[in-house]
Protein chains: 2
Amino acid sequence: MSRMEQRTAGVPTLKRLPLYLRLLRKMKEQGEEYASGAVVARELGLDPIVVRKDLAITGAVGRPRLGFPMDEIISAIEDFLGWSNTSDAFLVGVGNLGRALLGYQGFEQHGMKIVAAFDSNPDIIGTKVHGRPIMDIKKMPALAKRMHVQLGVLTVTASVAQKVADMMIEGGIRAIWNFTPTTLVVPENVILQREELASSLAVLSHRLLVEGGRKS
Amino acid sequence: MSRMEQRTAGVPTLKRLPLYLRLLRKMKEQGEEYASGAVVARELGLDPIVVRKDLAITGAVGRPRLGFPMDEIISAIEDFLGWSNTSDAFLVGVGNLGRALLGYQGFEQHGMKIVAAFDSNPDIIGTKVHGRPIMDIKKMPALAKRMHVQLGVLTVTASVAQKVADMMIEGGIRAIWNFTPTTLVVPENVILQREELASSLAVLSHRLLVEGGRKS
DNA sequence: TAGATTGTTAATCGATTAACAATC
DNA sequence: TAGATTGTTAATCGATTAACAATC
């Protein structure tokens, strides 16, 4: 009943919410005052029922015939995801992928701000990449603690992934976004999110093999 | 009954298969002759029943008490995913992310070989990145056709994504791995796989917000 | 033989899809 | 009012989990 309790959503719903948010922000920029789930569904090629249920879970209330007031629905999604305020993050491992992520402009619109990056290579320590300072990895745990950084982006070589994850945990980091193929072992209270490109490729390959069909 | 027909698997199963494959290859390197689903499950932190079912779908046959002969189970997964032979791929858009993907060594072990990259920037056309030639995007469709390239990796700016996807399709490319936030419109017979970092971040953010818990 | 593991069948759970009443 | 859209309840579908017989 109360607006206090945060509803929980399934993973499929959570994965769709950013798509809605991106579209809604664009529509707002174009001056739209209302957005209906029906239009969102059409635009993204989704089933309207799915969109309706997803939006309902954020607690937003729409008006029959009109849809959702633009500002309300955008705020509802942002609040639900915790994206009303960005969280500071540290990135560790400034290789190809690390650089690419540092260069990606979009994260701040998705609740995350990478404030510093770390590496062990003395050649790049002290330099800047896309405006962010590269510091000695040894300084990371203490700095994480001092700055109360909660989020760690792990883009190191697989062989040192566990060691660096341990350092992140030592620094009080509560969630690790793991871009390495290493299966990390972490305490119960640390959140892991693995980014597995091979998994996506597997879905694609299998489709290419059995269908010639289409989806998503 | 027959070994001919390719079974189909759900997306969750497809996403786990590469994890098994990576572990099994490592175990093989270490000289193991058999691999049991039980051990795989333990090592990856998964439920043994899930692993058993996943492996069953590849058509591999195990022996009670021993597990699966290493070479057989590895081949079964590779065959199932179509990874016994790598597919040639074109990458279009040599920005930060494109460069990172070109630098990633692992794709060839996952069924994909990026043989060339394309861009519109004259400053980088004619150069090489991680051993692959960067060519003029204008030449891409004809070259795709001539080389019978089936797979396109899309790492361009969002604003030109649809245009470049159209060029890929013109070149006969059958599957597009889309790293842009653009919702592409493609013919029925073209396979789309979207890589959505914002979605992963949403799952992570939401967990950080409601739990302090752990998963995956 | 004893026991760990496979392979299969049944039960549970959650997400998607369908149906429809309520509303502006 | 008429009709598009919301919000909710029910039905279907598929994945996960549980149980257990078969086997080396």
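Chain identifiers are assigned alphabetically (A, B, ...) following the order of the sequence lines, protein sequences preceding nucleic acid strands; residue numbering begins at 1 within each chain.
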Visitor: Could you tell me the boundaries of the chain A footprint on DNA chain C, defined by atoms under 4.0 Å from its heavy atoms?
Guide: C/dA15 to C/dC24
Visitor: In terms of heavy-atom contacts, does CD of A/E43 have more than 12 from other residues, nucleotides or ligands at under 6.0 Å?
Guide: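 12 or below, so no.
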Visitor: Would you call B/E196 and A/R22 a salt bridge, using N to O less than 4.0 angstrom?
Guide: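 Salt bridge flag = yes for A/R22 with B/E196.
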Visitor: Quick check on DNA chain D: between A/R65 and A/I49, whose nearest nucleotide comes earlier from the 5' end?
Guide: A/R65
Visitor: Regarding A/R25 and A/E78, does a basic nitrogen lie under 4.0 Å from an acidic carboxylate oxygen?
Guide: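 Salt bridge present between A/R25 and A/E78.
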Visitor: Quick one: closest heavy-atom pair of A/V94 and A/A117, and the distance?
Guide: CG2-CB, 3.9 Å
Visitor: Please figure out whether B/V39 or A/V50 has its closest DNA chain C nucleotide nearer the 5' end.
Guide: B/V39
Visitor: Would you please classify the geometry between the A/F179 ring and the A/W177 ring as parallel, tilted or perpendicular, with 30° and 60° separating the classes?
Guide: tilted
Visitor: Any chance NE2 of A/H130 has more than 12 other-residue heavy atoms, nucleotides or ligands included, within less than 6.0 Å?
Guide: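 Yes.
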Visitor: For DNA chain D, which residues in residues 14-36 of chain A have a heavy atom at a distance below 4.0 Å?
Guide: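 Those residues whose heavy atoms fall under 4.0 Å from DNA chain D, taken from residues 14-36 of chain A in numerical order, are A/S36.
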Visitor: Just checking, is any N or O donor in the side chain of B/S205 or A/W83 under 3.5 Å from an acceptor N or O on the other one?
Guide: yes
Visitor: Output the pairing pattern of DNA chain D as a dot-bracket string, 5' first, Watson-Crick or G-U wobble with both distances under 3.5 Å, | for cross-strand pairs, [ ] for crossing pairs.
Guide: ..||||||||||||||||||||||
Visitor: Would a 4.5 Å heavy-atom cut-off, applied to side chains only, mark A/D88 and A/L151 as touching?
Guide: no
Visitor: Under a 3.5 Å threshold, yes or no: a donor from one side chain and an acceptor from the other, between B/R194 and B/T183?
Guide: yes
Visitor: Establish, from distance only, whether the side-chain atoms of B/Q150 and B/S87 form a donor-acceptor pair under 3.5 Å.
Guide: no
